[in-house]
Amino acid sequence: MTVKLYVPADAGALSLGAEAVAAAIQKTGTEGGAAVQIVRNGSRGLYWLEPMVEVQTSAGRIAYGPVTPDAVPGLFAAGFLSGGEHPLRLGPVESIPYFKDQQRLTFERVGLIDPVSVEDFRNHGGFAGLMRALDLDGEAIVKAVTDSGLRGRGGAAFPTGIKWKTVLDQAVDQKYVTCNADEGDSGTFADRMLMEGDPLTLVEGMIIAGIAVGATQGFIYARVEYPHAVKTTRAAIAAAYEAGFLGKNVAGSGKRFDLELRVGAGAYICGEETSMLESLEGKRGEVRVRPPLPAIQGLFGKPTIVNNVISLASVPVILAKGADFYRDFGVGRSRGTLPIQLAGNVKRGGLIERAFGMSINSLLYDYGGGSASGRPIRAVQIGGPLGAYIPASQFETALDYEALAGIGALLGHGGVVVFDDTVHMGKMARYALEFCAKESCGKCTPCRIGSTRGTEVMDRILAGVDTERNVDLLSDLCETLLHGSLCGLGGMTPFPVQSALKHFPEDFRHVRN
Ligand SMILES: Cc1cc2nc3c(=O)[nH]c(=O)nc-3n(C[C@H](O)[C@H](O)[C@H](O)COP(=O)(O)O)c2cc1C
Ligand code: SF4
């Protein structure tokens with residue numbers, strides 16, 4: 001009898017040796033006369049246990065991890081093909097507390113299915129949202145998305161339904177749906193994980209978006225640093241065409257939707273939506289002046305939906321299970337679930353999808369298990385390189401849009417990067433300014449010039465030169481960046497700088513002052 005095994009082809013698992021583990025299982029199985037079928041799934045998001053192998057047994061899927069190629073003969077000897085005991089045996093993934101307590105809606109199938117099999121996808125509820133959408137008109141689909149309370153997961157948290165309604169209301173024959181898969185924020189990997197583990201959910205979300213607003217063409221804009229996500233998503237698109245879910249007759253409905261994935265050239269600013277559109281048009285990634293909004297004049301001047309991977313991938317479950325089902329998760333105006341990405345100096349890094357509202361403390365200690373170094377956690381940065389630094393005294397804050405805004409921070413794309421007490425916050429503040437200087441598109445003066453001058457001022461502060469005057473100068477400059485920048489790159493650079501100054505002033509006082 002052939003035994004089915006799952007070995008992730010997720011980039012994180014691959015970086016930890018999953019390819020060699022798959023080869024060792026195949027080789028040991030063949031040599032021992034055991035028939036094995038290896039499915040290359042996505043990651044379940046428990047990264048400290050990768051490469052995590054799951055074996056399909058009569059008692060369900062049993063996980064082992066982290067598996068090394070050297071451990072494979074011992075696993076066979078212990079009878080792991082039928083779920084045998086072994087020091088690396090973890091049991092069913094669903095029983096591991098880190099996973100068990102999650103509320104996986106968007107990531108329900110990630111790590112569970114063969115990412116490029118339409119059959120596996122459908123057997124696990126895939127395309128149910130699309131089939132429901134095909135019974136509705138555009139207004140009703142947009143209403144469902146609006147009623148669900150879904151807000152953009154790319155960073156700005158703008159209500160997705162309102163954006164779609166604007167595109168729907170444009171009376172032109174050509175509209176587009178674009179997916180922002182640039183995922184440039186530090187410590188974020190939810191888009192990548194979804195595209196590597198369940199890209200058909202993204203494809204489904206984009207088809208629903210197209211049908212809702214009357215767009216027949218979609219583009220996914222993926223970052224060049226994600227070759228595995230690009231490969232898997234392209235294979236999923238091809239499989240969806242083959243199965244008749246993409247093309248001129250979506251699921252036999254007579255409606256058309258075509259989808260193509262394009263790869264950027266590698267620039268943080270190409271994640272900003274108007275730069276992304278420029279880049280998709282084949283131009284240099286430079287921010288456009290708004291208005292007009294992309295929803296009115298976007299790609300090639302036509303009304304365009306621009307949504308993040310996770311926003312679009314959250315739409316199928318909203319259509320399949322209803323707006324109220326999704327809305328019932330979360331708190332206040334932060335509805336639904338958020339796939340949080342926990343990274344940096346933390347013992348158990350990974351992806352945790354839960355309803356909005358969990359505290360930072362719970363995330364860091366219940367899930368993360370504290371710092372990897374064993375030292376006290378001094379700060380976290382949430383929302384990418386331009387997110388605020390949050391001190392331990394504010395770790396009771398809830399992970400929702402409003403609660404974080406209330407302490408001058410932001411949730412962004414849900415990436416949380418952990419720092420222990422060896423971090424120098426002055427150097428981190430300098431890093432933010434240098435990052436802005438390097439990644440600036442150059443279109444507006446506060447960001448183009450201000451970030452470079454800011455880095456120089458910070459260097460003087462860190463060297464202890466005329467500290468007080470230079471800190472005042474830096475605060476002034478931050479105000480200019482905040483209010484005078486054309487886009488969020490310059491506009492948000494003050495967040496890490498000002499939060500570091502506010503919460504960690506001791507790191508800015510130098511011996512020479
Ligand atoms: C400098 C900068 C970088 C950004 N990078 C990304 C990104 O990598 N991915 C993303 O989805 N949104 C990014 N955004 C936000 C987008 O401009 C836009 O708000 C988002 O793609 C809209 O999708 P959503 O409403 O689904 O979040 C960035 C914004 C700025 C200012
Ligand atoms: S803030 Fe920076 S990145 Fe944004 S438009 Fe201005 S120069 Fe370009």
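Numbering of ligands and ligand atoms starts at 1, following listing order.
Considering only non-hydrogen protein atoms, atom 4 (Fe) of ligand 2 sits nearest to C487 SG, 2.4 Å. Atom 12 (N) of ligand 1 has its closest protein heavy atom at N180 ND2, 3.2 Å. Considering only non-hydrogen protein atoms, atom 2 (Fe) of ligand 2 sits nearest to C447 SG, 2.3 Å. Of the protein's non-hydrogen atoms, the one nearest atom 6 (Fe) of ligand 2 is C444 SG, 2.3 Å.
One side chain, D191 or H413, offers a donor N or O that lies under 3.5 Å from an acceptor on the other. Of the N and O atoms on the side chains of S440 and S451, not one donor lies less than 3.5 Å from an acceptor on the other residue. Counting only N and O atoms by type, the side chains of D147 and Y326 include no donor and acceptor under 3.5 Å apart. Residues Y47 and D10 have side chains that bring a donor and an acceptor to within less than 3.5 angstrom of each other. Side-chain atoms of S43 and E196 form no donor-acceptor pair, as typed in the model, at a separation below 3.5 Å.
Within ligand 1, the atoms closer than 4.0 Å to a non-hydrogen atom of R153 are 26 (O), 27 (O), numbered from 1 in the order shown. With ligand atoms numbered from 1 in the order given, ligand 1 contributes 31 (C) to contacts under 4.0 Å with heavy atoms of G488. Within the listing of ligand 1, atoms 10 (C), 11 (O), 23 (O), 24 (P), 26 (O), 27 (O) sit less than 4.0 angstrom from a heavy atom of N308. In summary, the atoms of ligand 1 found under 4.0 Å from a heavy atom of G184, numbered by their order in the structure, are 8 (O). For ligand 1, the atoms sitting less than 4.0 Å from at least one non-hydrogen atom of N307 are 23 (O), 24 (P), 25 (O), 26 (O), numbered in the order shown with element in parentheses. Distances below 4.0 Å separate heavy atoms of D182 from the following atoms of ligand 1: 8 (O).
Checked against a 3.5 angstrom limit, the closest N/O atoms of D191 and ligand 1 fall outside it. Looking at Y268 next to ligand 1, no N or O pair under 3.5 Å apart turns up. Considering both main-chain and side-chain atoms, G271 comes within under 3.5 Å of ligand 1 through a nitrogen or oxygen pair.
Taking a cutoff of 4.0 Å between a charged side-chain nitrogen and a carboxylate oxygen, R288 and E278 qualify as a salt bridge. A salt bridge between E434 and K438 is present, with a side-chain N of the basic residue lying under 4.0 Å from a carboxylate O of the acidic one.
By the 4.0 Å heavy-atom criterion, M276 is excluded from the residues contacting ligand 1.
In summary, no N, O or S atom of C441 is located under 2.8 Å from atom 4 (Fe) of ligand 2.
Judged by the 6.0 Å distance and 45° axis criteria, R44 is positioned over the aromatic ring of F99.
At a heavy-atom cutoff of 4.0 Å, ligand 1 is contacted by the backbone of E183 but not by its side chain.
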